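One structure is given here, and the rest of the page talks about it.
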Number of protein chains: 2
Amino acid sequence: MSGDAQISRLKPGRRMDIRRENERAILEAAEKVFAEAGFGGATMQLIADMAGLPKANLHYYFATKEDLYRRVVQQIFEIWLDAASSFDDAPGPVEGIGAYVDAKMDISRTHPHGSKVWASEVMHGAPVIQDYLETTLRDWTEGRIAVIQRWIDEGKMQPVNPRHLLYLLWATTQHYADFGHQIQTLNDGRPLSDKQWNEAKASVKDMVLRGIGAI
Amino acid sequence: MSGDAQISRLKPGRRMDIRRENERAILEAAEKVFAEAGFGGATMQLIADMAGLPKANLHYYFATKEDLYRRVVQQIFEIWLDAASSFDDAPGPVEGIGAYVDAKMDISRTHPHGSKVWASEVMHGAPVIQDYLETTLRDWTEGRIAVIQRWIDEGKMQPVNPRHLLYLLWATTQHYADFGHQIQTLNDGRPLSDKQWNEAKASVKDMVLRGIGAI
DNA sequence: TCATTTCCTGACCGTATGGTCAAGGTGAAG
DNA sequence: CTTCACCTTGACCATACGGTCAGGAAATGA
């Protein structure tokens, strides 16, 4: 666990604000702690400390550790779904996939904790979000496969297997969040700079778009 | 946790064999449990049950939970390093990177648990294998970057950023192990068949080799 | 057979954790 | 000011976990 100070908390205001602000602070702290320690390794005490609240207060807003965890995972999934719209209103793979890579790389940079929690959840067999995988994610995937297939049929890219293209996109973009520590270690212990992030995005886009014959 | 039966154990023989066989059974069970539950979620009791031994016996062979975990992680790292030799004695990227993708995809299929334990370890900040990242992995990475750069200089592939190419390779190949549950869910709940694995390997190789302009 | 080393294991212990609760504080409505 | 619903929290509890240990079983070699 890194020795960061506690998560910032805004001053409370009206009743409604108290609830919203506390839930936000708890979720933000929980995302970080779950990412850094895993579900089993995370403790409510640690989350409470990081959120700047007594442990009993966490249980006032979230009945159980599992409830809190579920909320964190759902939150991440929604962020990804939002960003996935990059795919839709694009005339071809260069714009669509290019924008999707950009969006997912940006999320990897801005929400590394969330990405890790998701990865951990899936690696452990998706005990709490299995239904999401079978409904929302499956539907989204089928839709995107259809879009890619259309681009192939229109001769806008090589006839690659759309499913494995999606896996490559997910894997590569999320790698920069999930394995960020390894990347940082291989970068002389320093986080990627703005310039290096742009280089990463450009490299990934270049290899992917060339790999599918779109450029 | 899946309801699998306990790990198979060979019948004991001589003194030396007892030790070897028990350590093997424990490590095999531990790899699976750590992968499925994470370090914090794994319990010595669960590992013991899966290995078919009383918990106290685990502590006879491995002093602490952390010792056992460390051995599991090291084991995986060595398997990857072995496979990485595919890279070395190759005349160009088609053979070298092609063989590397094949080797890593095979490991993702044969050692999915190990891959997950590694991923989890890195995601949590590499608390026990940080030194490996800074020494062995860094050296290996630099060496491979030099090889790729040479191929670029010899005009055998496009001038992509070798570092990000390596990240793309790691991410994509390991994705089939680490996110195997998600892939299985999107495959109607069934594990990939032999045919589907070959399709996956071919797709990844095709996209990567085309992406770096080697084909 | 006997001595010695290695292996095995049930019972036990201290600690940390998720969760509870009752009593008290605080903002808003009338 | 009073009321009441909402919020806060220190103290507490039962459980589960990692780890220990003492005493016995089994293999090995003389």
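Keep in mind it's a predicted model, so treat the numbers as computed, not measured. Letters go in sequence order (proteins before strands), and every chain restarts at 1.
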- Aromatic centroids of A/Y167 and A/W170 separated by under 6.0 Å: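 Between A/W170 and A/Y167, the centre distance is under 6.0 Å.
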Whole-Å gap separating [atom2] ([N]) and [atom1] ([X]):
{"X": "B/L68", "N": "D/dG19", "atom1": "CG", "atom2": "C1'", "value": "14 Å"}
{"X": "B/F62", "N": "C/dC7", "atom1": "CZ", "atom2": "P", "value": "13 Å"}
{"X": "B/I18", "N": "D/dA27", "atom1": "CD1", "atom2": "P", "value": "6 Å"}
{"X": "A/M44", "N": "D/dT15", "atom1": "CE", "atom2": "C1'", "value": "17 Å"}
{"X": "B/K65", "N": "D/dG18", "atom1": "NZ", "atom2": "P", "value": "5 Å"}
{"X": "A/F39", "N": "C/dT17", "atom1": "CZ", "atom2": "P", "value": "14 Å"}
{"X": "B/I47", "N": "D/dC17", "atom1": "CD1", "atom2": "P", "value": "12 Å"}
{"X": "A/R20", "N": "D/dC7", "atom1": "CZ", "atom2": "P", "value": "12 Å"}

Of all the heavy-atom pairs spanning [X] and [Y], show the shortest one and how long it is.
{"X": "B/I47", "Y": "B/I26", "result": "CG2-O, 4.1 Å"}
{"X": "A/V101", "Y": "A/T173", "result": "O-CG2, 4.2 Å"}
{"X": "B/N57", "Y": "B/L53", "result": "ND2-CD2, 3.8 Å"}

In plain terms, say whether [X] and [Y] are close enough for a salt bridge, that is, a side-chain N and a carboxylate O under 4.0 Å apart.
{"X": "B/D106", "Y": "B/R109", "value": "no"}
{"X": "B/E28", "Y": "B/K32", "value": "no"}
{"X": "B/D17", "Y": "B/R24", "value": "no"}
{"X": "A/E142", "Y": "A/R138", "value": "no"}

- What does B/Y61 touch in the nucleic acid at a heavy-atom separation under 4.0 angstrom: a base, only the sugar-phosphate, or nothing?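 If one applies the 4.0 Å heavy-atom cut-off, B/Y61 turns out to touch the sugar-phosphate alone, with no base involved.
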- Query: How would you label the contact of A/A48 with the nucleic acid (heavy atoms, under 4.0 Å): base, sugar-phosphate, or nothing?
  - Reply: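 The residue A/A48 makes no contact with any strand.
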- Position toward the 5' end of DNA chain C (nearest nucleotide), A/G41 or A/A63: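 Per heavy-atom nearest nucleotide, the more 5' residue is A/G41.
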- Query: Just by protein heavy atoms under 4.0 Å, how would nucleotides 9-15 of chain C read 5' to 3' in B, S and -?
  - Reply: BB-----
- Query: Do A/Q182 and A/H175 meet the criterion of a side-chain donor-acceptor pair at a distance under 3.5 Å?
  - Reply: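 There is no such pair between these side chains.
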- Query: Counting side-chain heavy atoms from CB outward, which of D/dC7, C/dG18, C/dC7 is closest to A/H59?
  - Reply: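 Minimum distance to the A/H59 side chain belongs to C/dG18.
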- Base-paired stems that DNA chain D participates in, counting runs of 3 or more Watson-Crick or G-U pairs under 3.5 Å: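 Counting only runs of 3 or more consecutive pairs, the stems involving DNA chain D are C:1-30 with D:1-30.
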- Query: Is the shortest side-chain N/O distance from B/R19 to OP1 or OP2 of C/dT6 below 4.0 Å?
  - Reply: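 Result: no.
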